[in-house]
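Below is one structure, written out as structure tokens; the observations come after it.
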Amino acid sequence: VAVGYGKNSRKNLSSAVSSVKSDDLNRGSISDVGQLLQGKVPGLNISSSGDPTRKATIIMRGASTLNSSQSPFYVIDGVPGADISLVAPDDIVSVDVLKDAAATSIYGNRAANGVIMITTRKGNKDKEQVAYNGYVGFENVSNQLDMMDADQLRTFVSKNNLSFSPEDDKGANTDWQKEIQRNVAISTSHNLSYSGGSKKSNYIASITYIDKQGVLLSSEQNRIVARIAVEQMAFNDKVKFGINVTNSNIKDIKVPQRNTALLQAAKYLPVSAPKNADGTYFENFNHSGYFNPLAIIEQADDDSKINQLLGNFTTEVTLPFGFTYNLNVAYQRNTSLNGTYYNSYYAKYYNSAQFYNNPEPPSTHSIINFGSNGLANRNTYQSTNVIFENYLTWNKEIGKHAINAVVGYSWQDNTLGDGFMASNTNFPVDDVSYNNLALGNYSTVSGYKVDFGDLNAYQKTRLISDFARLNYNYDSKYLLQAS
């Protein structure tokens, strides 16, 4: 079982650790590590939204706070704080979940919500192998809000001596929830790997392609993960060198104003049609906060491109008297390019109708102004992490006494939000979307201010820590652990 800075046998652990091997993980066209673990670890609450651009929500210790992150701390092949988007599901050998304070304390307060440790595949020393895994999946909505259809609503209105306004009743029978959903969302996953080795070395190279559609219109994720890992023994097998490089490219196609579109799909009357006879979108602005959910999705773009790189170099030296020295140097870079565009339809119809956003808690909703003749936003940010860790492990058995002790030093330098953001409005055409901000002319729009992003986007932090752990076992009956 993988624990912080080392491994240990389950029978010698006094802390709460769950381990899931690759054969026991959920299978299929799955792109998220959280979905792989659903139903596999007691006490681990995992929920996914059906949106492929959003990670599954993983809560290990309950909803302890509303404003702080409840996500666990991830460690990938010994690299603390690595992004799980870098891991292809078919590359996973095992997932170890550290649950209680005794197991997680070696990572400090970063592990307050638990630790998930992921170990990826290595080459087989006995044989050279080419392997392929492929999956195709289909998703649809099995259960949605139970709303009245048009006939039921007309009966209700008639029995209560009420009536629809002529602007609303177009003789339609529209299921607005289905109008913004795909009939079937198709997902595919392909993994190709080449591995092998000898008595003193092993290697593996793999590439994974995942295309996952969401159940809502326009939502989709394309993801390519390439990975290479090599291990080499040297100096009479006393030293083991390892290098692991992973690169992930992700393209997210999101649902514009997703939460607002979902809210409107529940509010919109089924007696209204999605479009008028002339092909334009049906709208009735006599109702406050009342917008066509199909128009919200189809008249805007919200896309992201994300590139992630993780490289780590490891050295393990076997020393006399039961000592082992480990060195880990890692570099992680995350670069994102985001673009949103609300075309002239938004500015023409929604600016005067009090269009509120519908953000996730704890944020509160606010009125959005969509400029004039299209509103575009582009931003690009880069975050980097440099990690240097080394630790000394002592394994010793003296009679009935067994001791496993670890002492180490960790240094981590983090740079977050290194980039910029800009917006523009008043475009001559909508066809270019967010791809050329220079075409806009914000200076002719009274009161418009260019959005330069979050004032606190850029952060630079450094984490320096010492750590230690002691596991003591007497006669395989009495266990003591201290971190």
Side-chain angles (χ1 to χ4, degrees), residues 51 53-54 216-221 250-264 281 283 285 289 291-307 334-383 415-459:
D51 185 346
T53 66
R54 295 163 60 91
L216 294 181
L217 293 178
S218 84
S219 60
E220 186 173 359
Q221 184 182 84
I250 300 173
K251 181 180 179 181
D252 286 338
I253 303 174
K254 306 173 188 176
V255 180
Q257 295 294 327
R258 187 197 64 163
N259 289 355
T260 302
L262 290 171
L263 176 63
Q264 295 299 324
Y281 291 98
E283 300 277 7
F285 297 116
F291 311 101
N292 188 321
L294 188 63
I296 291 174
I297 294 176
E298 293 185 342
Q299 296 299 306
D301 301 315
D302 189 352
D303 306 326
S304 296
K305 294 179 181 179
I306 303 168
N307 179 269
N334 185 318
T335 305
S336 64
L337 175 63
N338 308 290
T340 58
Y341 185 75
Y342 300 99
N343 71 20
S344 53
Y345 184 93
Y346 271 77
K348 182 178 180 180
Y349 294 108
Y350 293 163
N351 275 349
S352 59
Q354 292 190 326
F355 189 103
Y356 280 88
N357 63 358
N358 191 17
E360 303 285 345
S363 301
T364 57
H365 71 286
S366 59
I367 294 177
I368 304 177
N369 184 282
F370 296 103
S372 174
N373 297 322
L375 174 65
N377 181 302
R378 293 304 300 268
N379 67 71
T380 180
Y381 292 105
Q382 178 174 284
S383 299
T415 301
L416 306 176
D418 184 6
F420 63 92
M421 172 176 167
S423 66
N424 205 352
T425 190
N426 198 15
F427 291 86
V429 293
D430 289 321
D431 304 88
V432 183
S433 186
Y434 52 73
N435 292 298
N436 190 348
L437 265 63
L439 292 177
N441 187 6
Y442 72 89
S443 61
T444 61
V445 180
S446 176
Y448 181 83
K449 294 182 179 179
V450 176
D451 187 355
F452 290 111
D454 186 358
L455 295 175
N456 301 313
Y458 181 81
Q459 299 179 34

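Here the structure is a predicted model, which is why all the values come from computation and not from measurement.
- Taking CG of Asn424 as the start and CG of Asn436 as the end, the distance is 9.5 Å to the nearest 0.5 Å.
- Using modelled atom types and a 3.5 Å distance limit, the side chains of Asp51 and Ser219 yield no donor-acceptor pair.
- Of the N and O atoms on the side chains of Ser423 and Tyr442, not one donor lies less than 3.5 Å from an acceptor on the other residue.
- The structure places CG of Asn343 at 11.5 Å from CZ of Phe427, a figure rounded to the nearest 0.5 Å.
- In this structure, the ring of Tyr342 has its center no less than 6.0 angstrom from the ring center of Tyr350.
- The shortest heavy-atom contact between Asp303 and Lys254 is OD1-N, 4.3 Å.
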*Would Asn373 and Ser344 satisfy side chain to side chain donor-acceptor pair (under 3.5 Å), going step by step from the backbone distance to the final call?*
CA-CA 4 Å; Asn373 297 322; Ser344 53; 5.5 Å; no
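- No donor-acceptor pair closer than 3.5 Å links the side chain of Gln299 to the backbone N or O of Leu294.
- Of all heavy-atom pairs between Ser372 and Val445, the closest is CB-CG2, 4.0 Å.
- Here the straight-line distance linking atom OG1 of Thr425 with atom NZ of Lys449 works out to 15.5 Å at 0.5 Å rounding.
- Residues Val432 and Leu439 share a closest heavy-atom pair of CG2-CD1, 3.7 Å.
- Each of Phe355, Tyr356, Tyr345 was scored for a ring-ring contact (aromatic ring centres under 6.0 Å, His included) with Phe291, with one residue passing: Phe355.
- For the residue pair Thr444 and Asn441, the shortest heavy atom distance occurs at OG1-O, 3.0 Å.
- Rounded to the nearest 0.5 Å, atoms OG1 (Thr415) and OH (Tyr458) are 5.0 Å apart.
- Heavy atoms only, all atoms of each residue included: Asn369 and Leu375 are closest at O-CD2, 3.8 Å.
- Aromatic rings of Tyr349 and Tyr281 (six-membered ring for Trp) have centroids beyond the 6.0 Å cut-off, not under it.
- Rounding to the nearest 0.5 Å places CG of Asn358 at 9.0 Å from CD of Gln257.
- Residues Asn435 and Arg378 meet the side-chain proximity criterion, which asks for heavy atoms closer than 4.5 Å.
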*Under the side chain to side chain contact (heavy atoms under 4.5 Å, CB included) rule, what do Asn334 and Tyr381 come out as? Steps first, then yes or no, please.*
CA-CA 8 Å; Asn334 185 318; Tyr381 292 105; over 6 Å; no
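- The heavy-atom pair separating Glu220 from Thr53 by the smallest distance is O-CG2, 3.6 Å.
- Judged by distance alone, with hydrogens and angles left aside, the side-chain atoms of Asn357 form no donor-acceptor pair with the main-chain N or O of Thr260 at under 3.5 Å.
- With hydrogens and angles left out, the side-chain atoms of Thr340 and Asp302 include no donor and acceptor closer than 3.5 Å.
- Contact check on Glu360 versus Arg54 returns a salt bridge, with a Lys/Arg side-chain nitrogen under 4.0 Å from an Asp/Glu carboxylate oxygen.
- No side-chain donor-acceptor contact under 3.5 Å links Glu283 and Asn292.
- Distance CZ/Phe420 to OG1/Thr380: 6.5 Å, rounded to 0.5 Å.
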